[in-house]
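Data first, discussion second: the structure below is written as structure tokens.
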Protein chains: 2
Amino acid sequence: MIKKKISIKDIAKLTGTSITTVSFVLNGKGRISKEISKKILDVAQKNGYEPNRMAVGLRTGVSKVIGLIVENIGGPFFGEMAKVIEEEAEKDGYRIIYCSTNNNLQKGKDMIRMLSQQLVDGYIITPMKGLEKEIRSLVDNEKPVVLIDGYFPGMDIPHVLVNNYESAYAAVSCFVKSGYKNIGMVTANLELVQLNDRSAGFKAALKDHGLKDNSKMVFKVPYDMSKADGVTAIKEFIGRQKRMDALFFTTNYLGTMGLQAIRDLGLDIPGDLAVISFDDNEIFNLYPPGITTIQQPTYEIAKSAIDILMEQINNHKLDASKIDLQIPSKLIERGSTRAKVTA
Amino acid sequence: MIKKKISIKDIAKLTGTSITTVSFVLNGKGRISKEISKKILDVAQKNGYEPNRMAVGLRTGVSKVIGLIVENIGGPFFGEMAKVIEEEAEKDGYRIIYCSTNNNLQKGKDMIRMLSQQLVDGYIITPMKGLEKEIRSLVDNEKPVVLIDGYFPGMDIPHVLVNNYESAYAAVSCFVKSGYKNIGMVTANLELVQLNDRSAGFKAALKDHGLKDNSKMVFKVPYDMSKADGVTAIKEFIGRQKRMDALFFTTNYLGTMGLQAIRDLGLDIPGDLAVISFDDNEIFNLYPPGITTIQQPTYEIAKSAIDILMEQINNHKLDASKIDLQIPSKLIERGSTRAKVTA
DNA sequence: TTAAACAAATAAAACGTTTTACCAAATGGT
DNA sequence: ACCATTTGGTAAAACGTTTTATTTGTTTAA
């Protein structure tokens, strides 16, 4: 009982009208009498007519699909993003096609090329170093693009992300306020502007609070390290420290590895080591005594991104004021930054 | 410097050949001489020709896109799935379009309808009660479909999921082995076959181990409850129990709520209450003393699903209807099911 | 030689829309 | 009564492919 898809032509035949008339009625375009309109709509309804998206895509050049290129669709941050983006896009009748780059440059390039086969009407991309040319080319070809979670310094491509610099700064201030002065940092060995901004905010805060910037207390975990190896590396790093009483993790992922390291070392939080991690997470809420985190405004970021993209798609010209959107994070204070008890 | 997309027609003009010839060469179809072939390929290459997927889709009826309909693309389980599915599909040149139903029936129906506008070549769907008719109709129209994480009892639609019954059974056995005899269960108030199977396995195991099936020790959290309310409800439930010494959570989500409840009540794990939760997770690994979990074989499920789907898409006359793939889970034993110390 | 087979290339139809340009009939103004 | 406008409707082109059927030479078989 396979029923062939019904087309606009069939409806025309069924109602004794022309293809044009049917198309006009269905799109509310031309001027067609009430009665004919009604008849056509009835027939369309009854037969479950759905336009062939390929055909309208071919004809109009609009696919009603937007491409989402993220680091890892499976990750908590990007997954949440993806969900919001989907929900918002759907309101305008757009569907989402996605792909994960896993921070692999070639994959990113490939994806952009694939999607640009006029398959998508716009892009939301988490940028990575090396992708500048490809993305620039999209923009030059007037494809709507919004970057999330990062940007290209010096390039006027609209982007929305958390205020990384200020957030890291705030983390340090939080430590200081609670009496911690020997503050270390664990970050990733990746050339990402987000991470650089966080590091910069961290260092600036140390300086402003009159703390010495001891680079021995900064550790960069190699990105390609397995989770287990990462934990060991962090353990060794912590072990090497003499005076460190607080540790800042620039990433969700690093934070949980760090927690495991600290647990394995049998250290007390915050007695032996106060902790703050970027990216809030169920773990950080649950894990005793509660880990203070910098909560990214995932929803706002995603919402803004899709809004800006839609504006470009619809208006076709972009409001420059929205080019650099840095959304404030929220510092969630928990037990891991309880005021220090001085012995 | 907007460069218009180059088409097959342009290449024909550029090489002084015909559209057909170019198409043949590009697809390796007809019989065209070496020299002309070479010339065409060169020109295509040089101008960065990419076929217009809309046109191809319209003509051939193949979109090279598959639709993924899950409960929540942002969730850990489905997110991981999505990633694997994407990676595997890409090997065959397929892209993924996704949407989250949030267990909303109408949304699921809408999505299936939207995607069936010949936009996608196949579907991977997490089924929900009420979607039977729509999915059946897809299958009847010879659209390749694979269900994941659930199935429709009595309907011959290929599906792949974890062996829920046996997994829950194993959880009970694990409790018993460690000396826990008064075992409760927290599940969700949702008509999902996965949950029913887990409950059934749980009950059967109780029976087989000669334990009485005390339905007072089973709690169903209303699905629409907020996280906070859920935690309170679970706290109350635990508070009502007199003899319960072990608790089984049928879901990741419930497990973390449960952990919070137990922590808030100040109970010791496993001293006061042993715990097992479905769906392994970073939290369960980290949270002291480590929570025993049933780890779903996410990778295998996703891989199998996409494999089965691809086989349907390619073979076209493959009878996959009888496929019932139940993949074994792995019980990860941690501190929360340490052998009971009898007072 | 001539018909038959074959090789290389192409014309044209089709996929299902949207949209421009046009037409016929009715209406209106003077 | 006559031109101008409006109203309701349609034919046909175009979007960029794939594919069938055909054409035009060139070999081969007899």
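So you know, we letter chains A, B, ... as the sequences are listed, proteins then strands, and number each from 1. Computed from a prediction, not measured in an experiment: that's the story for all the values here.
- Side-chain atoms of P51(B) lie closest to dT17(D) of the nucleotides dT17(D), dA9(C), dC15(C).
- Remark: P of dG16(C) and CE of M54(A) are 12 Å apart, rounded to the nearest angstrom.
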Practice task
Run the numbers on D156(A) and I323(A) for side chain to side chain contact (heavy atoms under 4.5 Å, CB included), then give the verdict.
Solution key: CA-CA 7 Å; D156(A) 273 353; I323(A) 269 187; 4.3 Å; yes

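- Nucleic acid contact for I19(B): base, since at least one base atom lies under 4.0 Å from a heavy atom of the residue.
- Of all heavy-atom pairs between S63(B) and R53(B), the closest is O-NH2, 4.1 Å.
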Exercise for the section: Decide salt bridge (Lys or Arg N to Asp or Glu O under 4.0 Å) for D110(A) and R113(A); before the verdict, give the C-alpha distance in whole Å, the side-chain angles of both, and the deciding distance to 0.1 Å. Expected result: CA-CA 5 Å; D110(A) 287 350; R113(A) 195 171 38 68; 3.6 Å; yes

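- One can place NZ of K34(B) at 12 Å from P of dA9(C), the figure rounded to the nearest angstrom.
- With hydrogens and angles ignored, no donor-acceptor pair under 3.5 angstrom links the side chain of S18(B) to the base of dA9(C).
- When the C1' atom of dT10(D) is taken as reference, atom CD1 of I40(A) falls 12 Å away, rounded to whole Å.
- Here the C1' atom of nucleotide dG16(C) and the CG atom of L26(A) are 12 Å apart, to the nearest Å.
- Between the side chain of T17(B) and the base of dA9(C) there is no donor-acceptor pair of N/O atoms closer than 3.5 Å.
- The distance between atom CZ of R31(A) and atom P of dC22(C), rounded to the nearest whole Å, is 16 Å.
- Checked options K83(B), E86(B), E90(B); the residue passing with S100(A) is E86(B) (criterion: side chain to side chain donor-acceptor pair (under 3.5 Å)).
- Atom CG of N27(A) is separated from atom P of dT19(C) by 7 Å (rounded to the nearest Å).
- Base contact: T20(A) has a heavy atom under 4.0 Å from a base atom.
- Contact annotation: K29(B) side-chain N/O to dT19(D) OP1/OP2 distance is under 4.0 Å.
- Side chain of N52(A), nearest nucleotide from dG9(D), dG16(C), dT19(C): dG16(C).
- In this structure, T60(B) reaches the sugar-phosphate backbone alone: every heavy-atom distance under 4.0 Å involves primed, P, OP1 or OP2 atoms, never a base.
- Residue-level contact check: S33(A) touches the backbone only, with heavy atoms under 4.0 Å from sugar-phosphate atoms and none from bases.
- Distance R59(B) CZ to dG16(C) P: 10 Å, rounded to the nearest Å.
- Phosphate contact (OP1/OP2 of dT17(D), side-chain N/O of S23(B), threshold under 4.0 Å): absent.
- Taking every side-chain heavy atom of S7(B) into account, dG16(D) is the closest of dT10(D), dG16(D), dC15(C).
- Atom pair Y49(B):OH and dG16(D):P shows a separation of 10 Å (rounding to whole Å applied).
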Practice task
Please step through side chain to side chain contact (heavy atoms under 4.5 Å, CB included) for the pair K303(A) and I85(A), ending with a clear verdict.
Solution key: CA-CA 7 Å; K303(A) 178 82 163 68; I85(A) 288 175; over 6 Å; no

